There are 2 protein chains.
Amino acid sequence: MKKISSKTISRVIVYIRTLESLVLEGKNTVSSRELARITDLTDVQIRKDISNFGKVGTPRVGYNTTELKNVLEKFILRKNEIRIVLFGVGNLGKAILRYAGFGKQKLQIVAAFDRDKKKIGKVVNGVKVHSFETALEVIRNNTVDIGVIAVPEEKGQEVADLIVASGIKGIVNFAPVSLRAPKSIHLRNIDLAIEFLSVYCDARA
Amino acid sequence: MKKISSKTISRVIVYIRTLESLVLEGKNTVSSRELARITDLTDVQIRKDISNFGKVGTPRVGYNTTELKNVLEKFILRKNEIRIVLFGVGNLGKAILRYAGFGKQKLQIVAAFDRDKKKIGKVVNGVKVHSFETALEVIRNNTVDIGVIAVPEEKGQEVADLIVASGIKGIVNFAPVSLRAPKSIHLRNIDLAIEFLSVYCDARA
DNA sequence: AATTGTGAACCTCTTCACAGCT
DNA sequence: AGCTGTGAAGAGGTTCACAATT
């Protein structure tokens, strides 16, 4: 099958979420134009994205909400549960542990790690905090899809190396540093300072 | 001057940060190739980006670190301080208030707002928490560049409307909802679930 | 000799225009 | 008539190849 771009993937996740609401509202069909209005994208963009996954719609009618949701989920998510481990249980780490948007999206944080002895053993929002030393072992006993870095910047690279060594293939990094990782690892940096500055620059222009 | 794309802006912010470290290390000049190695970009990309701001480098020598940093800051940041207000002092809001990466980048959170009476009046990391009702007034008495939405998703649109009404032109939204805002407002959505899923999908492909 | 700066080629993503279907 | 699906055109962003510079 054709490679699906990361931009398409982000939009498809929005479609899935939107379709979920529509199904809950009891809506059976939806047109690309309606989806466009809700998501603030264009109808053509949406049809192009959906066409990656086959011919799902009915001309003159639109898409069956449940069917479209199932098709998109099947191609994009595939697994029933995406398993995440978190490094760093500071303010940001706690915010991530308590983030409400995960449940519906099949995202599950299966373990957290921290250096601070006082935090080790505690349970935050149902997730147990382990020591860094036990990370490799814990990860190997679980099937983990994503490692999240929420530690201070000076520890970022060390944690990244640990995640790579554990065999995890996806990293989300919140530490404001450029991390080195092999090309085979998919690394996403979320740097709050950069996001804020970039909104400021755009808004001003 | 030519319009500078938002992708370029994000990269330039990384250059500025990198140059800051280099200046601190006492390094006087740097080549595009060295910057490329540090930032994990290509040297041509870096030279193209820099060329938006004039001819700053010296063939055979490279760029003067301090000069380049000043030029980039002058074009991109312009102001001495970028002023931010935060809506929602929950876990994520607190994480943002305590985020270490802001000081150096001239980002300053000038006020926070929350609905919870128990939080109003408190000071978190030097920032005072006000009631929602006083937001318009507080914002009008300050010059505010960016409003940050860190409230539960059902309150997201309401807060967005309030920010728009206050005259602020840039919004960073962490609530997992599609917000409506006039085209003149620059809105950036940071949806953790989407970021995580998208890393998972890419990593799997 | 080594590095910057840049027009042109290339690639990727979005939008247009419209054929095809019910 | 109205909606989907899509080849082709267009826009935007990156990389190539190399002229200009010290």
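Since this is a predicted model, take the numbers as computed values, not measurements. Side chains are part of it too, since the values below use all heavy atoms of this structure and drop only hydrogens, waters and symmetry mates. Naming: A, B, ... by sequence-line order, numbering from 1 per chain.
Under the salt bridge (Lys or Arg N to Asp or Glu O under 4.0 Å) criterion, the residue pairs touching residues 130-151 of chain B are B:Lys79-B:Asp145, with sequence neighbours excluded. Applying the side-chain hydrogen bond (donor to acceptor under 3.5 Å, both in side chains) test to every pair with at least one member in residues 163-177 of chain B, sequence neighbours left out, gives these pairs: B:Asn173-B:Asn189. Identified under the salt bridge (Lys or Arg N to Asp or Glu O under 4.0 Å) test for residues 170-187 of chain A, with sequence neighbours left out: A:Arg180-B:Asp40.
No donor-acceptor pair under 3.5 Å is formed between the side chain of A:Asn64 and the backbone N or O of A:Thr29.
Residues forming a ring pair (Phe, Tyr, Trp, His ring centres under 6.0 Å) with B:Tyr15 (at least two apart in sequence, or on another chain): none. In terms of the side chain to side chain donor-acceptor pair (under 3.5 Å) criterion, B:Gln45 has no residue partners (sequence neighbours excluded). With sequence neighbours excluded, the residues forming a side chain to side chain donor-acceptor pair (under 3.5 Å) with B:Glu158 are B:Arg115, listed by chain and number. Under the rule for a side-chain contact (heavy atoms from CB on, under 4.5 Å), the partners of A:Arg37 that lie at least two apart in sequence or sit in another chain are A:Glu34. Every residue two or more places apart in sequence or in another chain was checked for a side chain to side chain donor-acceptor pair (under 3.5 Å) with B:Arg204, and none qualifies. Taking A:Glu73 as the reference, nothing meets the side chain to side chain donor-acceptor pair (under 3.5 Å) condition, with sequence neighbours excluded.
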Watson-Crick and G-U pairing of DNA chain D written in dot-bracket, each distance under 3.5 angstrom, with | for inter-strand partners: ||||||||||||||||||||||

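A heavy-atom distance below 4.0 Å to DNA chain D is reached by these residues of residues 24-44 of chain A, ordered by number: A:Ser31, A:Ser32, A:Val44. Of all the residues in residues 55-65 of chain B, B:Pro59, B:Arg60 reach under 4.0 Å from DNA chain D with at least one non-hydrogen atom.
In the set D:dG7, D:dT14, C:dG5, the nucleotide with an atom closest to the side chain of A:Lys48 is D:dG7.
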